[in-house]
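Take a look at the structure set out below.
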Amino acid sequence: MGKVLMKGNEVIAEAAVHAGCKYYFGYPITPQSELVAYMAKRLPEVGGLFLQAESEVAAINMVYGAASAGVRVMTSSSSPGVSLKQEGISYLVGAELPAVIINVMRGGPGLGSIQPSQSDYFQATKGGGHGDYQIPVFAPATLQEIVDLMQDAFDIADRYRTPVYILGDGMLGQMMEPVEFTERKAAELPPKDWATTGTRGDGGPKITNSLRLDPDDLEKHNNHLQEKYSKIKENEVRFENYLTEDADYIVVAYGTVSRIAKNAIKKAREKGIKVGMIRPISLWPFPEKPFYETRENVKAYLTVEMSAGQMVEDVRLAVNGYKPVHFYGRTGGMVPSQEDILAEIIKMAGGDQ
Amino acid sequence: MGKVLMKGNEVIAEAAVHAGCKYYFGYPITPQSELVAYMAKRLPEVGGLFLQAESEVAAINMVYGAASAGVRVMTSSSSPGVSLKQEGISYLVGAELPAVIINVMRGGPGLGSIQPSQSDYFQATKGGGHGDYQIPVFAPATLQEIVDLMQDAFDIADRYRTPVYILGDGMLGQMMEPVEFTERKAAELPPKDWATTGTRGDGGPKITNSLRLDPDDLEKHNNHLQEKYSKIKENEVRFENYLTEDADYIVVAYGTVSRIAKNAIKKAREKGIKVGMIRPISLWPFPEKPFYETRENVKAYLTVEMSAGQMVEDVRLAVNGYKPVHFYGRTGGMVPSQEDILAEIIKMAGGDQ
Amino acid sequence: MELVFERTNGLTEKPTHYCPGCTHGIIHRLVGEVLEEMDIIEDTVGVASVGCSVLAYDYFNCDMTQAAHGRAPAVATGIKRVLPKDRIVFTYQGDGDLASIGMAEIVHAAARGENITVIFVNNAIYGMTGGQMAPTSLVGQKTATSPFGRDIALQGSPIRVSELLATLDGASYIERVSTHDVASIIKAKKAIRKAFETQKNGLGFSMVEVLSTCPTNWGIDPKESLDWVKEKMIPEYPLGVYKDVKGGK
Amino acid sequence: MELVFERTNGLTEKPTHYCPGCTHGIIHRLVGEVLEEMDIIEDTVGVASVGCSVLAYDYFNCDMTQAAHGRAPAVATGIKRVLPKDRIVFTYQGDGDLASIGMAEIVHAAARGENITVIFVNNAIYGMTGGQMAPTSLVGQKTATSPFGRDIALQGSPIRVSELLATLDGASYIERVSTHDVASIIKAKKAIRKAFETQKNGLGFSMVEVLSTCPTNWGIDPKESLDWVKEKMIPEYPLGVYKDVKGGK
Amino acid sequence: MLHEIIIAGFGGQGVMSMGQLLAYSGMHEDKQVSWLPSYGPEQRGGTANCSVIISDEPVGSPVISHPSVAIVLNKPSFDKFEPLVSPGGILIVNSSLVDKKSSRDDITVIEVPASEIANEIGEPKVANSVILGTFLKLTNAVSPDSIIEALKKVLPERRHNLIPANKVALEKGAELINK
Amino acid sequence: MLHEIIIAGFGGQGVMSMGQLLAYSGMHEDKQVSWLPSYGPEQRGGTANCSVIISDEPVGSPVISHPSVAIVLNKPSFDKFEPLVSPGGILIVNSSLVDKKSSRDDITVIEVPASEIANEIGEPKVANSVILGTFLKLTNAVSPDSIIEALKKVLPERRHNLIPANKVALEKGAELINK
Amino acid sequence: MINMEPRVVFNEELCKGCSLCISACPKNIIYLADRLNSKGYRPATVTEQDKCISCAACGRICPDAVITVYRPKKK
Amino acid sequence: MINMEPRVVFNEELCKGCSLCISACPKNIIYLADRLNSKGYRPATVTEQDKCISCAACGRICPDAVITVYRPKKK
């Protein structure tokens, strides 16, 4: 197919189509409305269905319905809309339904702004909804990476019967870059014999449900979920190490911020500061290994986020007191500049060098 | 007034009335429906208003409206209903409106069960909604404690212009205990000259709002919020130390679980194990001080929750690698028994003693 | 002896958890009978809502999905739109579920003309949570949250859902029936069948509003409850067909 | 010279951010004029919704609260119910806000007979987010999310909100007006005044649905947009009074 | 002094109010008390139970794993709680409704034909008071007078006519032990 | 080679498509490119801008703090970006619409009377191409042929009649530099 | 000859004793038995089977699908 | 005598050049000026003030409350 120049939001959509997703339910919100519009045009072409729901709440529940009927389905929104989906997401988890949920984050809280942000990290990784659960969360940094991660997201959703988050930000959604859609071999996945599609041909009635009135049952179910999360932690961690081999200092950043950080790191190395980067790609399960491997040797970590400090907690938990963990964040839709990050690296390294 | 025997849900309601709350908007859900029913009867008696909203979403937005008009107002719900309020809560934060939100937690995820649980700790303390924010969260352990904490909750809400959570669980809501409603001197609070009540008598129009399209403005607003959170962290931490003076081991538990843990600790001390308890009363701001003060000397911590492990992360962050932090949790509405906790304490202390 | 009447195969063997005399049970049976008589049990996916009928997923003998409070029409939409055209999808919702928290979802499902069937059980109260006021509670009705009786000035007037939805072009078949005596039960079954046939023929959204009892929270016995439906509810909620696109209404 | 017409004091001095020729501006002005003429600017709290009119809080010269998408009626309820009786509360909502995500809140505010006034701006599209389909988009209308034109089979039929809400007992005054020429603008103002008077007299829920343009997302110029309202929208959305409890309607 | 009491039976049998009466009476005597219901849909047609603690010390956990006294009013409750009574504890059975026998020898089992006795008194509604009478006689958890005081508070005026019958029932229940 | 370009002007001035054209052309020449719009309500009546990066290396951050080239089509954009151009960089001004002068001496300032030139060509729509012509001549970021190729892709069929005029405009823009 | 096979049969374990069948029976032959089923309810029952006219009114109103109704074959 | 005080006055900075006033004017005397205001719009304007009949149609249709209208006092 070759390279095409596309907007991030459209890449997410097209990548989903490539991953075999034929069904989309969603509600427009800036900065991801192009994704919605793209799906409206594209899905009929592949014999699928695009339906604009009356709200984010309706959308996530339509996803619940479609997922319970056994199809690959997704929805997308941005921060306030994702907050509205929290009950529905908790239901997807409780009923163990596979679905992919995109959050192209914008500045908060409240109506906030429509500029890029990473301030829904907690919501995505710690469970914004009620109950004990985790959802695999992937954060692409480039449009090309989206293509792979969308395929992974749908496969993981089906393999573990869980919703999966893709976390982007307004910048990723709005920017254009050349991408190439490569074909990938379909993963081996268990059959969806639990799907409620009518009983004709199979045995007794099947039930999709998250209610377990007997606390004993519900505890069993929760234990089953926790076991599933252990498996995901074992198998689905994704991260990138950048120049960490010889690093004295490590920057931790994900998504678009990691790209800006990379530029700053290059500049810092030019100044002779040995600095590298750990880029979590799966935000949950959080990549603890690269920290275990570096926390003995490096001098300090610097977490950079478009937030007031969220991922930094997971970094601290992983570093577990071995070394100082610094934080630099911008909020409200402000994007940290390369210069700012460079200045923070220099500060961490102990003054102007 | 003397002692009265009341249900926890009713104590919450009556305590709110004592704290000067005249307005309630909410939607029924087990296990806190008695609170709603009590308010329906009680508020007309004090010249206030009870209104059953069409949903939790409508309720939190009615609260937003009432709060913007400058009155003391509250709502209450249980886990799935609180998930639905996340967008509204983020709006309250963004617009800096005072309100008190009760979550009488039940087992999750999804529809879950109606039995007691503590699995919405993350949602309450890390921000279940979108954007960077924190909300003061208080967790009473006895019905008598509710009386004080409700008064505090309303005062803190007004003083800092923030929503405040009270986290209970089904057990706390359903049980009866004698309580006494003591009168307390009203706190000194800043006037609500920001309330949108019509401009007659004051200057130009006032605005309640969470939108700041200019990212620069929104960042300033976020910085202002973060400063506010620093102040709250300084002034509003609440916790109880129980037999920690000479303790080798410390159990960490909050809410009703702490009561069960206390019984277990008594039994353990009878067996000669020196064990104490840190009981966080404010879950955010999380009481870090008692950990800083003990982490040098004790041998290990045991966090007990009705969850798959949520507060334990904050405990780990506070202990910061100094000592092992163990976890024992029950989920889905199961309540840890005194015997179970005792067994865990013994395990931590290194075998049967 | 020849068999005149027996338990339908449209229901499972499970005893229901409903209170004695609660007409939820009758309505379940009617739906089960219609599924069986139309021979669509195996093609049907039901959507249980949140309310006393939350456990309906255990009672209907077809594939079932449990939906969040109020969202059954959205869940049904998701199911119906992705399955082959010959599958039948229905929701079973109480009045708190459908008319209060789920108002947006039901209006939009009707407006879209979703080809689903909605069984709407109107018992003028919230049963499961212990008898709070529903949007359908009658003026003056005392409930846990209208302890002084529903007051128009404070809580507004009852919502007549059938009339409301009938204004939407997308709604194809809407009828209000009751279960307060054997004759009306027979009529109710006919309406339910008509609704499922509307769906089967691809005509779009169908809903049957069934007036039902809640002896437990009304605080009267099962028989008195039937009388209350007849004397108090029907005048406020007149029975009849409110929309029948095919019948030209 | 004597003054015939000037900018009303019901609006602030701030220039609006609306696109050239967008009739949101006209509707703002009419509301401002009515507030001024009734001398209630100082007693009024307005509720801005989410849509192009989100910044309305900067434009009306009264106290303003900004509400979450679709929830303005709930926010207005909260305000109205806790303030002294003489305060006037209104919401200003687009069709995406009111008729899509906010359907439950508007239906229930009307059903409760909330004594508030709703200015409902129907421009058959989502303006702010870039021209997606609204529940009010016309059949065949091409939008970002109905790229092949709104198709009844896929997306259902337009929702006529005034007709829908008029079925509720709690709704006291409901009129649909337009802004496509000077005469209809004058009539629109009269309706808005009537609605605020309904509230002032404590009669309950009032709503004026105002047909409005979105030249930007309709992709035609401002004048053609007025014609589109007249020729395309009014036939689907007939103007007139749908409910007037006092006028016996 | 610490009494950890579980009362269990069918939904409509007055299990909850029996427990609340005990808690009220304990409070009336300035003891520390707590009452915790089992709640939820099992009430709907199923069984219900409540836990009451009466103690001199502040009540720690309101949850009772092993009751010192279990009062069971129907078969399912017998099956559920008979094994849980703590050794040395007491199991009180309404033998008018439960025809099962306990096989445990480490607890005291008392069978009270409460419904029959209530019928003898001429007021079937006071069966639970008969059982309470037996319970109080056995444990002295609170005094029968406190129960009567509590009844006055809990019952609506128009039902105060039932108080004398309840008094008799408490006495009849106590008498079973003297025998 | 690394060009970090910001193009800014009023909402309707074609700022975004100008940037996309550049990005397309860069991709067409197998260079690494990115395009990032400023988005949001400021478009509604306000000003808009986009950032384009054309580079030999993979693009790090799509965000540009200090452009190597700024193209400004209205006064507010001049005020915003003139100070941000990196030292040694280029500021291209559509002098038909902006009558301001830069006071900076560490950058190259080029004034292009683009609207006048476009009117001379007889097609007011190609003013932006005149500016692109100047830009390409100055920077060689991509070749004018690539722009024409990109135009063929981007323009709908019925607008292909505008391509010759655009070609002329690119040339006229380039000529300004030869002078 | 009176046919004494039962015409109306109650699945007693399912019965909740709500008495709706009693109110529906045109012949007034249903009553609640004096025993309790395992759920603690007094089940509905009929002894005068020969009076039953097999109208199935009880079956149609029973919320718990407790009742099966037979009709004697016409000779 | 023709009264030459302006009858219709435009607050040009507010004008967005949408031309609705032009379509509403019964005397057809409004046009867009050839200059740009600071927002980049061509503001509406009137030169033939004496032709204005002070009907205020322009003012009533203007979405941006740009226009003030006066009427000459009757002598």
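No experiment lies behind these values; they were computed from the predicted model shown. Within every chain, numbering begins at 1; the chains are lettered A, B, ... in the order of the sequence lines, protein sequences first and strands thereafter.
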> Given C/M103 and B/E54, is the side-chain contact (heavy atoms from CB on, under 4.5 Å) satisfied, shown in steps?
Replying inline: CA-CA 9 Å; C/M103 180 55 84; B/E54 58 269 32; over 6 Å; no

>> Checking C/L154 against B/L49 for the side-chain contact (heavy atoms from CB on, under 4.5 Å) test, could you report, in this order, the C-alpha distance in whole Å, the side-chain angles of both residues, the deciding distance, and whether it holds?
In response: CA-CA 9 Å; C/L154 188 66; B/L49 172 90; 3.6 Å; yes

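Using a 4.5 Å cut-off between heavy atoms, B/Y27 touches chain C through its side chain atoms alone. Contact of C/A144 with chain B is made through backbone and side chain together, with heavy-atom distances under 4.5 Å.
Using a 4.5 Å heavy-atom cutoff, the side chains of C/I101 and B/E56 are in contact.
Judged by distance alone, with hydrogens and angles left aside, the side-chain atoms of B/Q52 form a donor-acceptor pair with the main-chain N or O of C/M133 at under 3.5 Å.
Closest heavy-atom contact between C/S100 and B/A53: OG-O, 4.3 Å. The two residues C/T129 and B/P28 come nearest to each other via the heavy atoms OG1-CB, 4.2 Å.
Heavy-atom neighbours of B/K192 NZ from other residues, nucleotides or ligands within 6.0 Å: above the threshold of 12.
Taking 4.5 Å as the heavy-atom cut-off, the residues of residues 76-86 of chain B that approach chain C are B/L84, ordered by number.
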